[in-house]
Amino acid sequence: MKLYIAVLDECPDYMVPTVVAHAVLGAHVHFNCLYDDLEGMFDENPFKPYKDWFKSSFRKSVVRVNQREFNRIAALPDCYLGFESTVLDGKMCCAIPLPCSKEDRPNVLRYAQHWKPKA
């Protein structure tokens, strides 16, 4: 299992660590709260992949994506979207879908490039 953190390529490199840190913390709270809210309501809690990842894997990958790819990731079920108010006029610039196995990851994540500074 791996958690993908997709950063919009318009985000300035110097702000990416802050954007990612805020988004990951927000996603953690979001996924945990939804897991707790839905516990016992379904045969399989839809947020169980997050709990499993957090307890046993904790692997992460930060990727740089363009607007088209970002939109496709943002449209994935239960994707958390993050932003930093001082970057891109507060536009959503970080997308964190639920963790997935290598076999189950969508093509948009499979072919995304790992993040590295532009310069």
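Computation of the quantities below employed the complete heavy-atom set of this structure, encompassing side-chain atoms and omitting hydrogens, waters and symmetry-equivalent molecules.
- The OG atom of S61 lies 9.0 Å from the CG atom of L3; values are rounded to the nearest 0.5 Å.
- Side-chain atoms of W53 never come within 3.5 Å of backbone atoms of C100 as a donor-acceptor pair (strictly under, hydrogens ignored).
- Within a 6.0 Å sphere centred on CG of D37, other residues, nucleotides and ligands contribute more than 12 heavy atoms.
- Following chains of ILVMFWY side-chain contacts shorter than 4.5 Å, one can reach L98 starting from Y80, so the two form part of one hydrophobic cluster.
- A 4.5 Å side-chain heavy-atom check between D13 and K116 finds every atom pair outside the cut-off.
- In this structure, P99 and P49 approach most closely via the heavy-atom pair O-CB, 3.9 Å.
- Here the side chains of L109 and K2 are not in contact, with every heavy-atom distance at 4.5 Å or above.
- Screening F54, F58, F47 against H28 for a ring pair (Phe, Tyr, Trp, His ring centres under 6.0 Å) leaves a single residue, F54.
- Counting only N and O atoms by type, the side chains of R68 and N71 include no donor and acceptor under 3.5 Å apart.
- Heavy atoms only, all atoms of each residue included: C11 and C93 are closest at SG-SG, 4.4 Å.
- Y111 places none of its side-chain heavy atoms less than 4.5 Å from the side chain of E69.
- We find the CG-CZ distance between N66 and R72 to be 10.0 Å, quoted to the nearest 0.5 Å.
- Y14 and P17 get closest at one heavy-atom pair: O-CD, 3.9 Å.
- Of all non-hydrogen atoms in F70 and A6, the two that sit nearest each other are CE1-O, 4.2 Å.
- Hydrophobic cluster membership differs between V87 and V20, with clusters built from Ile, Leu, Val, Met, Phe, Trp and Tyr side chains linked at under 4.5 angstrom.
- Residues V62 and F31 share a hydrophobic cluster, clusters being chains of Ile/Leu/Val/Met/Phe/Trp/Tyr side chains in contact below 4.5 Å.
- The number of heavy-atom neighbours closer than 6.0 Å to NZ of K55, taken from other residues, nucleotides and ligands shown, is 12 or below.
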Checklist entry - When you look at K91 and L8, which way does the side chain to side chain contact (heavy atoms under 4.5 Å, CB included) test go after all the steps? => result CA-CA 10 Å; K91 175 181 171 181; L8 189 60; 3.7 Å; yes
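- Looking at S57 and D52, their side chains never come closer than 4.5 Å, going by heavy atoms from C-beta outward.
- Remark: Q113 CD is loosely packed, at most 12 non-hydrogen atoms of other residues, nucleotides or ligands lying under 6.0 Å away.
- Test R59, R105, R110 against Y4 for side-chain hydrogen bond (donor to acceptor under 3.5 Å, both in side chains) and you get one pass: R105.
- Hydrophobic clustering (ILVMFWY, side-chain heavy atoms < 4.5 Å, transitive): I96 and Y35 are in one cluster.
- Side chains of L88 and M15 form no contact here, defined as non-hydrogen atoms less than 4.5 Å apart.
- Taking 4.5 Å as the limit, every side-chain heavy atom of V7 sits out of range of all side-chain heavy atoms of R64.
- In the hydrophobic clustering of ILVMFWY residues, with side-chain heavy atoms under 4.5 Å counting as a link, L34 and L81 come out apart.
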